[in-house]
Amino acid sequence: MKKNTEKNKKIILGGLLAGGLVLASYYGTGLQKEQETRADAAISEAVQTDASITGEIPAKRDRFAKQFAMSDGSYTCRYILYAGPL
């Protein structure tokens with residue numbers, strides 16, 4: 001009788017754990033899609049603001065990269081491949 005009780009406890013516990021994993025993965029999948037939708041919306045909003053290069057920042061120049069100031073106040077770095085360093 002004692003062996004059956006222990007066996008039943010293990011079966012019930014295993015079933016509960018498996019059910020919990022199924023629910024967690026189902027819930028997690030919905031969150032991932034929601035986060036992807038938000039990220040896509042944020043990216044599309046950021047892409048819509050087209051900024052142009054206003055000038056190079058010579059002090060930030062590297063051997064293989066140039067940094068530029070943009071019209072929206074941000075900075076960008078461009079790696080330019082030449083035969084030798086800039």
Side-chain angles (χ1 to χ4, degrees):
M1 180 90 178
K2 190 174 182 180
K3 282 187 176 183
N4 287 338
T5 306
E6 290 296 320
K7 187 177 180 180
N8 287 341
K9 284 182 183 179
K10 288 181 181 180
I11 290 172
I12 291 171
L13 182 61
L16 288 172
L17 289 173
L21 286 173
V22 168
L23 287 175
S25 61
Y26 177 74
Y27 180 70
T29 302
L31 285 178
Q32 183 180 9
K33 288 180 183 178
E34 204 173 298
Q35 288 173 346
E36 285 179 7
T37 304
R38 287 183 188 163
D40 289 343
I43 288 171
S44 66
E45 287 175 9
V47 170
Q48 289 175 358
T49 58
D50 293 329
S52 59
I53 294 175
T54 57
E56 183 188 351
I57 307 170
K60 299 261 186 182
R61 185 182 282 188
D62 192 352
R63 284 183 63 190
F64 301 103
K66 291 183 177 183
Q67 290 194 17
F68 299 95
M70 305 298 285
S71 61
D72 64 353
S74 64
Y75 299 96
T76 187
C77 181
R78 302 278 168 99
Y79 289 94
I80 302 170
L81 299 176
Y82 290 107
L86 297 172

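Start at 1 with the first residue, then count along the sequence.
- In this structure, CG on N8 lies 9.5 Å from CD on E6, to the nearest 0.5 angstrom.
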Point to revise | Pair T76-Q67, side chain to side chain contact (heavy atoms under 4.5 Å, CB included): steps then yes or no | key: CA-CA 6 Å; T76 187; Q67 290 194 17; over 6 Å; no
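- Remark: K10 engages no residue in a side-chain contact (heavy atoms from CB on, under 4.5 Å) (not counting sequence neighbours).
- In plain terms, the two heavy atoms of F68 and I57 that are nearest each other are C-CD1, 4.2 Å.
- For S52, the side-chain hydrogen bond (donor to acceptor under 3.5 Å, both in side chains) criterion is met by no residue, not counting sequence neighbours.
- Taking Ile, Leu, Val, Met, Phe, Trp and Tyr as hydrophobic and joining them when side-chain heavy atoms fall under 4.5 Å apart, one finds L17 in a cluster with L13.
- For T54 (side chain) and A69 (main-chain N/O), a donor-acceptor pair under 3.5 Å exists by modelled atom type.
- Looking at residues two or more places apart in sequence or on another chain, you find a side-chain hydrogen bond (donor to acceptor under 3.5 Å, both in side chains) between E56 and R61.
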